[in-house]
Amino acid sequence: MNNTPSFQDIIYSLIGAIPKGRVVTYGTLAKMAGYPSYVRQVCQVIRKVPTGSTLPCHRIINGQGKLSVTGEHYIRHKKALMGEGIIFGPNDKIKLKQYLWEGFD
DNA sequence: CACCTGACCATCG
DNA sequence: CCGATGGCCAGGT
């Protein structure tokens, strides 16, 4: 038994806590987990998450308000986000000022 | 044990 | 605005 939860567990919990119609950046997610510099690890963890997971990994974007994924993932995420009422800009850019979730509702 | 990779971010010119 | 660069850390080979 680990008293100390793994970084991965924290990330998983946070992802499941993202409200609908909101998004988070990798950096924000890392800060919320308590490890602001672990942004690269967040990347590793999320990348490991299977597409069929219950976790809304499609609500995770990069700091530029754009999807950091390519190909099939990009399409899937974009559709999921639009289905939640999130509007994409002319260059498929999301307004972080409006949708970014920093832990408070 | 050393090197490479990764769905990133901030800074600089 | 955009490209290049450095930093960050763990996991895989």
Side-chain angles (χ1 to χ4, degrees):
Chain A
M1 290 72 57
N2 274 336
N3 291 347
T4 9
S6 298
F7 180 73
Q8 174 176 320
D9 295 332
I10 303 176
I11 296 302
Y12 272 56
S13 299
L14 286 173
I15 296 174
I18 303 175
K20 183 185 174 189
R22 285 269 210 278
V23 295
V24 283
T25 71
Y26 294 85
T28 302
L29 203 55
K31 285 180 191 171
M32 291 166 70
Y35 299 87
S37 308
Y38 280 42
V39 54
R40 304 299 306 239
Q41 257 51 8
V42 175
C43 195
Q44 299 275 21
V45 173
I46 293 168
R47 200 167 189 264
K48 253 183 156 183
V49 177
T51 311
S53 177
T54 58
L55 298 174
C57 51
H58 54 265
R59 294 188 185 135
I60 306 172
I61 63 179
N62 64 12
Q64 302 174 32
K66 296 191 296 189
L67 303 183
S68 307
V69 292
T70 53
E72 307 298 312
H73 291 291
Y74 184 85
I75 305 297
R76 188 188 307 278
H77 288 203
K78 184 176 178 182
K79 284 183 79 173
L81 292 170
M82 290 179 81
E84 295 185 355
I86 295 180
I87 309 299
F88 281 71
N91 281 331
D92 291 355
K93 203 150 130 198
I94 299 175
K95 296 178 181 171
L96 292 179
K97 301 269 189 185
Q98 186 176 358
Y99 296 112
L100 181 61
W101 179 63
E102 301 185 36
F104 55 89
D105 199 351

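Side chains included, hydrogens not; waters and symmetry mates left out as well; all remaining heavy atoms used. Numbers restart at 1 for each chain; the letters A, B, ... are given by sequence-line order, proteins then strands. Keep in mind the model is a prediction, meaning the values are calculated, not measured.
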Contact pattern, 5' to 3', of nucleotides 4-11 of chain B - B, S or - by protein heavy atom under 4.0 Å: -BBBBS--

Verdict with reasoning, A:W101 to A:V23, per side chain to side chain contact (heavy atoms under 4.5 Å, CB included): CA-CA 6 Å; A:W101 179 63; A:V23 295; over 6 Å; no

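Using the six-membered ring where Trp is involved, A:Y35 and A:Y38 have ring planes that are tilted, between 30° and 60° apart.
Under the 4.5 Å side-chain heavy-atom criterion for grouping Ile, Leu, Val, Met, Phe, Trp and Tyr, A:L100 is not connected to A:I18 through any hydrophobic cluster. If you chain together hydrophobic residues whose side chains sit under 4.5 Å apart, A:I75 and A:I87 fall into the same group.
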Dump the pairs, protein N or O against N or O of nucleotides 2-5 of chain C, anything under 3.5 Å, distances to one decimal.
none

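Residues A:V45 and A:Y12 are in side-chain contact: their nearest non-hydrogen atoms beyond the backbone lie under 4.5 Å apart. With a 4.5 Å cut-off on side-chain heavy atoms, A:I46 and A:L55 do not count as touching.
Not a single donor-acceptor pair under 3.5 Å links the side chain of A:N91 to the backbone N or O of A:K93.
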